[in-house]
Amino acid sequence: MALTAVKGCNDILPGESGRWQYIEQTARRVFELNGFGEIRVPIMEKTELFCRSIGDATDIVEKEMYSFIDKGENSVTLRPEGTAGVMRAFIERKLYAEDPIAKLYYMGPMFRYERPQKGRYRQFHQIGAEITGVNDPLADAQVLNMLTLFFREIGLTEPTLQINSLGCHECRPAYRSTLRGFLEERMDHLCDDCKRRFATNPLRTLDCKVPGCVEMTVGAPSVLDHLCSGCNDHFSRVRRYLDLSSTPYSINSRMVRGLDYYTRTTFEMVTGLLGSQSAVAAGGRYDGLISQLGGPNIPGIGFAMGLERIALLISNQEFASFPDLFIATMGSGERDVAFHLMDGLLKSGIRVEMDYEGKSLKSQMRRADKLKSRYSVVIGENEAATGRASFKRMSDGIQTDIPLTINAIQLLIGKSQQ
RNA sequence: GUGGCUGUGGUGAAGCGGUUAACACGUACGACUGUGACUCGUAUAUUCGAGGGUUCGAUACCCUCCAGCCACCCCA
């Protein structure tokens, strides 16, 4: 194969795109119901934006970014996630000036230079939502309820909500050193990865899969026991609101984030059905991000969900649609008649296919069958002359003789539609 | 970046040193010269991911590369 797609980049073919449209439409409906408006931002940003928001020391920034120098010698990067660009726009376009409370959603491709595997690609797609300007845990709860509603609407009960609190800039550093102290004593028993994590991100040792590490961290101090009173109060109110709305969740005090900007509430929708990619949606609060990017001191909370992963979870559902009518023709003069008829029917919203190339009637009928057309009609000399034709219902072969007019056809097709 | 597995037509695959590269599905056309599905017929890989090597001979054995999948790291 001479020309192939870039590694880890996929084509979504017509047979599959219906599934994607369904996910996107459901998200739009649920998010807009909750008062969110779509924001469309570039898929490319200055590299610096991601370094400053996601964090210089994260894996995303250190090794996964698609960055390059453009002809103006600026370093630009294909966005590895959506929040940074949305917040950049929020600040740059001064959306906060009119209303500090913004509820925004976005969808589109993201890019990370990783080895592809199940449910993870170099170009992947996310749908995300953000609320700015609300400190109150009500915002956290609304976001979580909306996410839960989305999965219910999409027909999935499997992913379950897990929540945690990572504390704030006050209490997290203290917890970090407490945890380090705990780990230091067990250093010798930790795996090599965890020894490295000890330095870079000690919280990550808590969800290491190596049995030895799991064993060693059994009695590890929990973030939730080390929250400051503000964070503690915030987290308990989030839980209260979730209980109030009967939103199912579980607390996972070992849940960690890969991006630096998260504070307080973090959450994931997790599933056991996607191999090692368990998270189908994830997010959290990011109270310091906007000011860190040079904007006003406004809090935020949001999430992103992975379209590929959701598409895998609903891959058993069917989304195909079929023609209402297939017009077969006998000669070139009749094809003119058929084309004119097709045009009129299309303009009145009836989905029609016809033969394009003057094939045999047999071939045309086979095609009508293959396309799963509901009806077919043959237009020959007779029909063209009399203006009447037999419309065949493909499911049972029953033919109905009606005039070749838009109205009559509309009536026939509309009638059996219900 | 690391590891494991796999690469035969549009698809699923058999073949494992000498075959017309089996079979099935799909696709196209036909059997009815005005009607699909079922049935039947015909066609559909000069070539086995690419390049080397071993051999009289390699799709098969060896090496290198490439690609895909899955896993690790990390993550949606």
Side-chain angles (χ1 to χ4, degrees), chain A residues 1-2 4-8 10 13 23 54 57-64 79-83 107-128 147 159 191-194 196-197 200-201 204 207-210 255-259 267-271 274-284 302-313 326-331 334 355 357 359-384 389-399:
Chain A
M1 208 70 72
T4 58
V6 173
K7 187 198 263 301
N10 296 301
L13 305 176
I23 297 168
I54 298 168
T58 58
D59 271 40
I60 293 180
V61 170
E62 276 187 350
K63 54 182 207 191
E64 295 175 1
R79 60 180 185 191
E81 59 100 37
T83 302
M107 54 182 68
M110 308 291 161
F111 303 84
R112 291 183 199 170
Y113 191 90
E114 304 180 274
R115 289 288 289 271
Q117 55 182 290
K118 190 180 181 69
R120 112 182 302 185
Y121 305 98
R122 288 192 175 176
Q123 176 176 335
F124 61 106
H125 298 78
Q126 289 188 334
I127 302 179
L147 195 54
C191 71
D192 289 347
D193 281 329
C194 280
R196 182 174 49 74
R197 286 167 180 144
T200 58
N201 190 355
R204 211 163 268 295
D207 69 354
C208 183
K209 291 166 191 119
V210 177
M255 188 169 69
V256 191
R257 298 281 68 166
L259 286 63
F267 52 88
E268 287 182 4
M269 295 292 300
V270 299
T271 174
L274 291 178
S276 62
Q277 263 60 249
S278 58
V280 296
F303 64 81
M305 42 200 202
L307 266 182
E308 282 78 3
R309 296 182 182 178
I310 295 169
L312 282 170
L313 290 178
F326 186 95
I327 306 176
T329 54
M330 298 303 297
E334 285 72 34
D355 169 59
E357 304 173 65
K359 298 205 168 181
S360 72
L361 187 61
K362 173 105 178 160
S363 291
Q364 295 185 53
M365 289 305 291
R366 272 187 182 154
R367 185 164 171 77
D369 186 57
K370 192 173 81 176
L371 296 175
K372 296 195 167 70
S373 182
R374 283 176 55 223
Y375 282 86
S376 68
V377 65
V378 179
I379 297 183
E381 249 179 82
N382 249 345
E383 289 82 357
S390 289
F391 283 73
K392 180 175 191 172
R393 190 159 64 194
M394 298 298 280
S395 56
D396 54 15
I398 290 171
Q399 304 206 30

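Lettering follows sequence order; numbering is per chain, from 1.
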Options B:A71, B:A76, B:G34, nucleotide nearest the side-chain atoms of A:Q126: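 Closest of the options to the side chain of A:Q126: B:A76.
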Taking side-chain contact (heavy atoms from CB on, under 4.5 Å) as the definition, give me every residue that meets it alongside [X], ordered by chain and number, with sequence neighbours left out.
{"X": "A:Y121", "answer": "A:N10, A:P116, A:E308"}
{"X": "A:D193", "answer": "A:C191, A:R196, A:R197"}
{"X": "A:D192", "answer": "A:K195"}
{"X": "A:Q123", "answer": "A:C9, A:P109, A:F111, A:H125"}

Not counting sequence neighbours, which residues clear side-chain hydrogen bond (donor to acceptor under 3.5 Å, both in side chains) with A:T200? List them please. none
Return the set of residues passing salt bridge (Lys or Arg N to Asp or Glu O under 4.0 Å) with [X] (not counting sequence neighbours), or none when no residue passes.
{"X": "A:K63", "answer": "A:D59"}
{"X": "A:D355", "answer": "none"}
{"X": "A:E383", "answer": "none"}
{"X": "A:R367", "answer": "none"}

Can you check nucleotides 36-39 of chain B for protein contacts, nitrogen or oxygen pairs under 3.5 Å, and list what you find?
{"residue": "B:G36", "atom": "O2'", "partner": "A:D369", "partner atom": "OD2", "Å": "3.4"}
{"residue": "B:G36", "atom": "N7", "partner": "A:K392", "partner atom": "NZ", "Å": "2.8"}
{"residue": "B:G36", "atom": "O6", "partner": "A:G397", "partner atom": "N", "Å": "3.4"}
{"residue": "B:G36", "atom": "N1", "partner": "A:M394", "partner atom": "O", "Å": "2.4"}
{"residue": "B:G36", "atom": "N2", "partner": "A:D369", "partner atom": "OD1", "Å": "2.8"}
{"residue": "B:G36", "atom": "N2", "partner": "A:M394", "partner atom": "O", "Å": "2.9"}
{"residue": "B:G36", "atom": "N3", "partner": "A:D369", "partner atom": "OD1", "Å": "3.1"}
{"residue": "B:A37", "atom": "O4'", "partner": "A:D369", "partner atom": "OD2", "Å": "3.4"}

For RNA chain B, what dot-bracket results from Watson-Crick or G-U pairs at under 3.5 Å, with [ ] for crossers and | for inter-strand partners? ((((((((.[[[..)..(....]]]((((((.......))))))....[[[[[..)....]]]]])))))))....
Enumerate all atom pairs, one protein N or O and one N or O from nucleotides 64-68 of chain B, separated by less than 3.5 Å.
{"residue": "B:G68", "atom": "OP2", "partner": "A:K7", "partner atom": "NZ", "Å": "2.8"}

Side chains of A:S373 and A:S376: do they bring a donor and an acceptor to under 3.5 Å? no
